[in-house]
Enquirer: 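First the structure, which I've put down as structure tokens, then a few questions once you've had a look.
Read the numbers this way: they start at 1 and go in the same order the structure lists the ligands and their atoms.
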Amino acid sequence: MGNAMDNKKELIYFPTWTAGRKGYTEKIQTVFQEKLIEKDLVYTTQRAAILDYFLRADKHLSQEELYVALKPRGIGKVTVFRTIKLLEECEIIDKVEDAKGGLRYEIKSERPHHDHLVCLSCTKIIELQWPELEKIQSKIMRKTNFTPYYHRHEVFGMCHECSSKG
Ligand SMILES: [Zn+2]
Ligand SMILES: [Zn+2]
């Protein structure tokens with residue numbers, strides 16, 4: 001966790017030990033292809049390009065960033081928007097709120113569950129696992145007879161680097 005602070009890459013569980021695994025990219029591409037078939041949709045080159053961009057990214061991506069990056073390949077805003085929705089429905093990507101209240105997305109498949117610390121000063125998003133919190137949460141869920149499908153813990157504040165500048 002300590003070096004997460006010095007790391008320029010935001011996705012600390014990726015790609016170092018997840019994406020580096022052989023066959024990882026192909027596996028997620030196959031999942032997407034199969035889910036598209038279930039929905040009677042085609043694995044177009046544009047949809048494939050958007051997924052590939054996510055698979056290579058080392059940070060949490062906004063819709064605008066994806067659009068700007070893929071525009072030279074003739075991919076429009078609407079396609080980016082709809083494909084993000086599709087990838088979310090297929091549970092391949094997940095969202096996180098950023099420092100400006102916007103949404104960013106990251107690959108969810110095959111990465112461990114983690115939470116985020118969002119720096120309101122430099123806008124970086126730090127990933128961390130929080131086992132104690134997960135444990136307390138499960139306990140309370142059992143107590144309240146509530147079945148959780150998913151959750152996100154996002155803490156907004158100032159990172160170590162930014163607060164030491166102050
Ligand atoms: Zn910061
Ligand atoms: Zn993340």
Side-chain angles (χ1 to χ4, degrees), residues 1-32 35 47-70 75 77 79-138 140-141 148-166:
M1 240 290 291
N3 5 349
M5 306 287 179
D6 332 305
N7 200 337
K8 289 273 181 293
K9 291 178 180 173
E10 284 182 353
L11 306 193
I12 60 164
Y13 304 113
F14 179 89
T16 33
W17 54 267
T18 311
R21 241 164 36 209
K22 220 172 158 275
Y24 171 78
T25 305
E26 294 76 5
K27 191 172 169 185
I28 295 184
Q29 285 164 342
T30 307
V31 169
F32 192 35
K35 302 247 179 166
R47 286 176 180 145
I50 293 168
L51 175 60
D52 286 348
Y53 198 84
F54 270 113
L55 286 166
R56 280 197 302 268
D58 56 12
K59 61 192 281 261
H60 302 85
L61 297 169
S62 70
Q63 200 171 293
E64 186 63 21
E65 280 170 351
L66 269 164
Y67 167 65
V68 170
L70 296 169
I75 301 177
K77 240 176 199 162
T79 305
V80 170
F81 174 79
R82 289 195 183 141
T83 307
I84 285 175
K85 287 283 155 254
L86 270 173
L87 287 164
E88 261 193 288
E89 277 170 39
C90 297
E91 298 192 328
I92 292 169
I93 62 168
D94 209 355
K95 55 176 172 284
V96 51
E97 192 181 319
D98 69 19
K100 299 195 169 79
L103 290 175
R104 288 180 172 266
Y105 301 85
E106 61 183 349
I107 289 280
K108 175 184 186 180
S109 298
E110 308 280 318
R111 297 177 75 220
H113 174 75
H114 61 274
D115 298 308
H116 297 103
L117 308 180
V118 183
C119 178
L120 295 175
S121 176
C122 69
T123 73
K124 96 173 129 208
I125 301 175
I126 299 164
E127 302 193 318
L128 80 166
Q129 283 179 300
W130 214 335
E132 298 88 350
L133 194 61
E134 306 292 339
K135 242 179 256 165
I136 292 170
Q137 184 176 259
S138 320
I140 294 170
M141 291 303 103
Y149 290 157
Y150 63 90
H151 74 267
R152 310 198 318 253
H153 297 135
E154 284 152 12
V155 180
F156 297 85
M158 205 187 267
C159 74
H160 175 69
E161 280 161 22
C162 288
S163 47
S164 44
K165 270 182 227 157

Enquirer: For His153, give me all partners under ring-ring contact (aromatic ring centres under 6.0 Å, His included), at least two apart in sequence or on another chain.
Expert: His151
Enquirer: Heavy atoms, side chains only, cut-off 4.5 Å: are Arg152 and Lys95 in contact?
Expert: yes
Enquirer: List in chain and number order the residues that pass side-chain hydrogen bond (donor to acceptor under 3.5 Å, both in side chains) with Lys85, two or more places apart in sequence or in another chain; answer none if no residue qualifies.
Expert: Glu88
Enquirer: For the Zn ion (ligand 1), state how many protein N, O or S atoms fall inside a distance shorter than 2.8 Å.
Expert: 4
Enquirer: Check whether Thr123 reaches the backbone of Leu120 with its side chain - one donor and one acceptor, N or O, closer than 3.5 Å.
Expert: no
Enquirer: Measure the acute angle between the ring planes of His60 and His114, then classify it against the limits of 30° and 60° as parallel, tilted or perpendicular.
Expert: tilted
Enquirer: Within the supplied structure, the quantity of interest is the number of heavy atoms (other residues, nucleotides, ligands) at a distance under 6.0 Å from Phe81 CZ; does it exceed 12?
Expert: no
Enquirer: I'd like to verify the contacts: list protein N, O or S atoms under a distance of 2.8 Å from the Zn ion (ligand 2).
Expert: His60 NE2, Glu106 OE1, His114 NE2, His116 NE2, Glu127 OE2
Enquirer: Would you say the side-chain atoms of Glu154 pair up with the backbone N or O of Glu97, donor to acceptor, closer than 3.5 Å?
Expert: yes
Enquirer: Could you measure the distance from the CD1 atom of Ile107 to the OH atom of Tyr53? Nearest 0.5 Å is fine.
Expert: 13.0 Å
Enquirer: Which of these passes side-chain contact (heavy atoms from CB on, under 4.5 Å) with Thr83: Ile50, Ile75, Leu66, Leu70?
Expert: Ile50
